[in-house]
Amino acid sequence: MLSVIFDSLPAFSADAPKAVVLLCETAAGETFSALDKATAGAVSRAVALKGFKGEAGQSVVLPAPAEGLSQIVLAGVTPKGGAAVDAVAVENAAGRAVRLLDGVESAVLVVSGALEQFAPEAALGARLASYDFDLYRSKKPGARPVLKTLTVAVSDVAAAQARWTALDAVSQGVILTRNLVSEPPNVLYPQSFTQRIEELRDLGLTVEVLDEKAMTELGFGALLGVAQGSVHKPRTVIVRHDGGGSEAPLAFIGKGVTFDSGGISIKPAAGMDEMKTDMGGAATVIGLMSALARRKAPVNAIGVVGLVENMVSGGAQRPGDIVRAYDGQTIEVLNTDAEGRLVLADVLSYTRKRFSPKLMVNLATLTGAIVVSLGYENAGLFSNSDALAKGLSEAGAQVGEGLWRMPMGEVYNREIDSDIADMKNIGGRPGSAILAAEFLKRFVGDTDWAHLDIAGTAWKTKASAVAPKGATGFGVRLLDRFVKAHEASA
């Protein structure tokens with residue numbers, strides 16, 4: 001993980017060679033002039049040649065421009081179309097910029113003038129963009145150094161450092177989520193995932209584990225039906241952060257299918273390897289709980305994750321089976337590949353009954369249909385509460401993690417009625433992401449609830465400004481910002 005230090009602006013003529021990244025709203029300013037002077041005008045000549053105006057997405061790279069300067073990167077920040085510069089624009093610019101650094105272990109990121117208010121966000125963008133899951137590479141590609149330390153140069157070090165404390169915690173939560181989602185399924189399965197969660201007790205979190213026997217006694221028939229085909233036994237893990245006195249907790253629930261073969265309704269072979277990411281919702285919940293503990297959030301929060309592996313075997317669940325959920329409702333299983341909603345059914349109703357939370361938000365890589373609807377830029381938002389939906393959407397907009405609210409209603413809900421049970425786990429293809437949400441809604445009662453379908457945002461095949469391709473950690477920053485809004489209103 002990239003080490004971040006806040007310090008005052010260095011002299012560019014120092015003896016030790018420096019790699020310098022300058023975030024720019026325009027091709028002007030004191031730092032720009034100082035770099036131009038130190039390079040005998042090379043910076044201004046490069047800017048003129050490239051037509052650099054400080055716009056978002058623009059960059060200029062100068063290798064070894066002068067003695068004492070090993071590399072200079074100018075990165076534009078100003079959004080096109082005249083929009084105001086905000087924290088997300090600065091994060092993205094810093095993320096893009098650090099990726100342009102080549103062959104350096106340390107660099108200076110200069111965030112001056114009006115941009116200095118966003119210095120901690122620049123550090124966050126740089127750290128998230130520098131993430132690389134290289135645990136299983138025995139031979140590292142190339143022999144050149146990689147960035148290890150970033151000094152963020154500001155005029156008010158104390159103020160920047162104070163704000164960085166919380167963002168540092170959030171970044172570690174995002175990275176934890178990315179690591180979990182990136183792990184191969186032979187390494188991360190329900191028992192080993194549980195062990196990773198139990199390590200978070202060191203942060204002050206309370207961790208409780210329900211094993212197969214406990215869930216059988218409780219009546220988790222829906223979750224256990226999904227798990228019955230795997231040699232890896234299921235777990236439900238409850239993580240508590242108690243920072244809000246006697247207040248009812250905020251509850252976050254995650255789907256944790258550590259590998260999804262589809263069961264007897266088996267998936268096509270092409271792309272099945274990515275089904276290791278079907279625990280992305282659970283990983284986000286655990287990353288969030290880590291962040292809340294690290295920043296000592298003054299709120300009560302509960303994270304509950306159902307961890308299973310959906311496999312094909314002689315003992316696997318069959319299409320046509322009927323299972324009884326924790327709350328007594330019966331479900332006709334018509335497709336064993338619609339398994340995530342079965343896991344969440346038990347976990348949602350159990351969380352509601354046991355903890356009486358103020359609200360519940362569940363996250364799941366639930367449907368391919370949401371990707372067809374929204375692509376890879378926004379997660380689907382379904383909710384029975386306008387206020388909750390608004391709060392989540394606003395939090396997402398503030399951190400650059402988009403949500404798009406989808407419709408719900410009785411006409412959709414009737415599509416999952418079963419002829420021989422209380423409900424069936426699939427309806428037709430039309431509106432199938434909505435039907436999945438309607439299924440979940442049957443297990444939340446009158447509790448304010450939202451479902452985030454993150455199937456298109458938890459894992460990407462192309463890099464973004466602040467994430468390489470692969471696991472994104474989507475949702476950790478969004479939910480942390482959402483929780484902060486509740487802290488402020490408490």
Side-chain angles (χ1 to χ4, degrees), residues 170 173-174 177 236-241 244 247-256 279-292 297 299-306 340-341 343-366 370 378-399 401-406 408 433 436-455 457-458 473-487 489-490:
V170 173
V174 173
T177 296
T236 291
V237 185
I238 302 153
V239 184
R240 300 182 61 160
H241 170 72
E247 291 291 321
L250 310 177
F252 302 95
I253 293 96
K255 169 190 171 183
M279 35 61 70
T284 298
V285 169
I286 298 308
L288 169 68
M289 297 304 294
S290 163
L292 297 181
V299 69
N300 292 333
I302 296 175
V304 188
V305 295
R341 65 201 70 180
V343 173
L344 289 171
D346 282 339
V347 178
L348 282 165
S349 55
Y350 176 77
T351 301
R352 174 173 61 90
K353 181 177 180 180
R354 179 177 170 185
F355 297 108
S356 300
K358 182 182 298 185
L359 55 86
M360 297 193 297
V361 179
N362 74 254
L363 299 95
T365 50
L366 203 65
I370 202 66
N378 292 278
L381 165 62
F382 304 81
S383 183
N384 63 3
S385 165
D386 291 341
L388 176 55
K390 180 181 179 183
L392 289 166
S393 295
E394 289 176 349
Q398 290 165 9
V399 300
E401 295 189 334
L403 299 177
W404 190 267
R405 191 173 185 185
M406 302 289 285
M408 298 186 74
E438 289 289 347
F439 180 94
L440 298 180
K441 184 181 175 183
R442 293 194 179 198
F443 296 89
V444 304
D446 58 3
T447 302
D448 286 351
W449 157 82
H451 157 53
L452 307 186
D453 192 336
I454 60 173
T457 56
F474 181 98
V476 175
R477 293 194 293 159
L478 185 161
L479 293 177
D480 178 77
R481 184 60 61 91
F482 173 77
V483 170
K484 280 185 178 178
H486 276 266
E487 295 169 15
S489 63

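Atom CG of L288 is separated from atom CG of L478 by 10.0 Å, given to the nearest 0.5 angstrom. We find the CD-CG distance between E394 and L392 to be 9.5 Å, quoted to the nearest 0.5 Å. Atoms CE and CZ, on M289 and F252 in that order, are 8.0 Å from each other to the nearest 0.5 Å. For the atom pair E401 CD and N378 CG, the distance stands at 11.0 Å (nearest 0.5 Å). Atom OG1 of T351 and atom CD1 of I253 lie 4.5 Å apart (nearest 0.5 Å). Separation of atoms OG (S349) and CE (M360) is listed at 8.5 Å; rounding is to 0.5 Å.
Ring geometry for F355 against Y350 counts as perpendicular: the plane angle is over 60°, on a 0 to 90° scale with 30° as the lower cut. Ring orientation note: the planes of W449 and H451 are close to parallel, at an angle under 30° on the 30°/60° scale.
Heavy atoms only, all atoms of each residue included: A291 and D480 are closest at CB-OD1, 4.5 Å. Contact between V299 and H241 at its shortest, heavy atoms only, is O-CD2, 3.1 Å. Annotation for S290 and G173: closest pair OG-CA, 4.3 Å, computed over non-hydrogen atoms. Contact record, S356 with A248: O-CB, 3.9 Å, taken as the closest heavy-atom pair. Here the shortest heavy-atom pairing between V285 and G303 reads CG1-CA, 3.6 Å.
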V399 and F482: CA distance, side-chain angles, deciding distance, side chain to side chain contact (heavy atoms under 4.5 Å, CB included) verdict: CA-CA 10 Å; V399 300; F482 173 77; over 6 Å; no
Working note: L452 + T457, criterion side chain to side chain contact (heavy atoms under 4.5 Å, CB included); need CA distance, chi angles, decisive distance, verdict. CA-CA 10 Å; L452 307 186; T457 56; over 6 Å; no
Walk me through whether S385 and L359 qualify under side chain to side chain contact (heavy atoms under 4.5 Å, CB included). CA-CA 10 Å; S385 165; L359 55 86; over 6 Å; no
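Looking at D453, its side chain does come within 3.5 Å of a backbone N or O of L366 through a donor-acceptor pair. Side-chain atoms of T177 come within 3.5 Å of backbone atoms of A283 as a donor-acceptor pair (strictly under, hydrogens ignored). No donor-acceptor distance shorter than 3.5 angstrom exists from the side chain of K255 to the backbone of L344, with no hydrogens or angles considered.
A heavy-atom distance below 4.5 Å is not found between the side chains of K358 and D448. Proximity of T236 to V304: side-chain heavy atoms (C-beta onward) are separated by under 4.5 Å at one or more points. Between P357 and I302, the closest side-chain pair of non-hydrogen atoms is not below 4.5 Å.
Applying the ring pair (Phe, Tyr, Trp, His ring centres under 6.0 Å) rule to F474 yields no partners; only residues at least two apart in sequence or on another chain are considered.
A side chain to side chain contact (heavy atoms under 4.5 Å, CB included) with R341 is found for one member of L348, N362, L440 and no other, namely L440.
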